[in-house]
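Throughout, protein chains are lettered first and strands after them, A, B, ... in sequence-line order, and every chain is numbered starting at 1. Quick caveat: nothing in here was measured; it's all calculated off a predicted structure.
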Protein chains: 2
Amino acid sequence: MTSPVHVVVDRRSPVPLYFQVAQQIEVMIDRGELLPGSRLENEIVLADQLGLSRPTMRQAIQYLVDKGLLVRKRGVGTQVVHGQVKRTVELSSLFDDLRRANQHPTTEVISVAVVPVTDDVAVALHRPPGTEVVRLERLRRANDEPLAILQNWLPTGLAELTPERLEAHGLYELLRAAGVTLRVAAQRIGARAATHREATLLTERRGAPLLTMTRTTYDDSGRAVEHGSHVYRPALYSFEMALIER
Amino acid sequence: MTSPVHVVVDRRSPVPLYFQVAQQIEVMIDRGELLPGSRLENEIVLADQLGLSRPTMRQAIQYLVDKGLLVRKRGVGTQVVHGQVKRTVELSSLFDDLRRANQHPTTEVISVAVVPVTDDVAVALHRPPGTEVVRLERLRRANDEPLAILQNWLPTGLAELTPERLEAHGLYELLRAAGVTLRVAAQRIGARAATHREATLLTERRGAPLLTMTRTTYDDSGRAVEHGSHVYRPALYSFEMALIER
DNA sequence: TAGTGGTCTAGACCACAGT
DNA sequence: CTGTGGTCTAGACCACTAC
């Protein structure tokens with residue numbers, strides 16, 4: 001009563017074995033080759049079938065459990081979660097997300113400037129008051145429809161942030177291309193009424209409900225590399241995520 | 001230039017060793033004994049100091065990395081993240097969260113009834129149309145201030161959901177007490193304007209912005225055990241979470 | 001009782017960062 | 001070059017589930 005898992009690993013590949021396995025199982029779930037509720041073979045058998053050690057096989061399975069695709073129960077086994085799975089929120093930019101969903105994102109750069117930090121941004125970026133930072137304001141459209149107003153602050157000198165580059169790429173893409181490794185972010189999602197200016201930019205009524213997100217992102221040295229304060233039109237955007245009990 | 005980690009493990013305890021270590025390091029970070037940016041000893045040394053194997057020590061560290069408290073960089077080491085860390089959203093109920101924050105939550109049960117599922121709930125709970133489910137509607141207050149309207153649907157027979165019990169406990173608490181193990185949830189956060197009825201219950205104006213959350217929760221067999229559709233007053237509540245790049 | 005995942009050990013080799 | 005985390009192995013024992 002278990003579903004067979006067809007996976008082949010390439011030991012010459014630089015891609016870790018556990019990741020090769022996890023990716024292939026994920027593809028099988030996406031394609032419906034592994035149905036919701038179906039049980040996988042146990043770890044030992046799977047490891048044996050693939051010629052891997054049990055810890056490596058466990059790592060692959062745990063990766064998918066953390067992603068919300070599988071559930072495991074001691075004494076029972078590993079099963080595919082029911083229902084269409086929404087992916088955990090990842091450290092991706094809105095631009096990348098929209099492009100992946102074929103939503104044709106475009107960016108209008110409203111302003112790029114080097115300014116002294118305000119107090120709240122100084123706290124968020126852990127910079128002393130008075131430090132100069134880059135301040136961005138962008139209007140993001142999807143399929144030509146205004147979707148969000150994005151305000152961001154970054155330490156100076158991190159990446160070359162020209163209006164041209166910002167219109168062609170997402171901010172995170174530019175940061176990664178500049179050698180910045182984004183690792184951790186602290187994020188808060190809320191709601192509030194649109195100001196007059198926001199309403200105008202987003203073609204909403206003044207006072208219309210907007211979804212808000214503020215986020216501070218840290219690199220792999222634990223340093224704050226970006227702080228953002230964004231507002232979204234709730235009819236066109238919402239946040240989806242998977243929660244996992246560890 | 002590394003910070004010493006004072007941890008003792010109790011091998012007679014039923015608590016896993018990696019978890020004992022992770023908890024104690026987390027406490028040290030909370031107390032400021034490990035400062036943001038400070039580097040920990042490397043895995044090998046730490047494992048040696050605590051009398052553990054390296055995999056076990058790695059598991060402890062990885063747990064805290066996944067929680068957003070630490071960052072690691074190959075060739076460099078493990079550091080405490082800068083800034084006050086916001087915890088990852090967990091599979092906890094609003095009631096528990098508020099109680100933990102000493103916000104004195106109270107619950108007014110508006111209705112509890114067994115009803116046939118509507119189409120959207122049938123899809124969410126993966127039940128055939130026409131199935132009977134328990135429908136709850138509750139008004140949650142914090143410090144006597146109306147905070148949220150909570151609508152939930154559950155399969156019948158999961159737990160004893162009387163108004164009395166619901167007023168004294170959170171829904172998740174009652175489910176766990178009934179032997180249900182919550183494992184994974186898919187959640188969507190958005191915003192919209194308050195209806196007349198919502199505005200009245202929440203002492204807001206009609207059309208006021210509200211934060212919305214819909215969530216479907218699955219147990220450790222991967223079956224849907226709860227679907228909720230909640231609205232929150234954004235001035236009093238927002239969602240915080242950590243995002244980790246794996 | 002049999003089968004499952006959960007934890008733990010003691011090694012090994014590799015890739016990458018900083019010197 | 002040295003030191004770090006990343007990956008991988010081949011076992012072991014335990015706790016929980018279901019029958």
H82(B) NE2 to T216(A) OG1 distance, which is reported to the nearest 0.5 Å: 13.0 Å

Atom CG in L154(B), atom CG in L175(B): separation rounded to 0.5 Å? 6.0 Å

Residues P105(B) and R140(B): closest non-hydrogen pair is CB-CD, 4.1 Å

Is the ring pair Y218(A)/H126(A) parallel, tilted or perpendicular, if the boundaries are 30 and 60 degrees? tilted

Please name the residue in the list R74(A), K73(A), R72(A) that meets the side-chain contact (heavy atoms from CB on, under 4.5 Å) test with D220(B). K73(A)

Expected string for nucleotides 3-13 of chain D under the B/S/- scheme (protein heavy atoms, under 4.0 Å, primed atoms plus P, OP1, OP2 as sugar-phosphate) is BBBBBSBB-B-

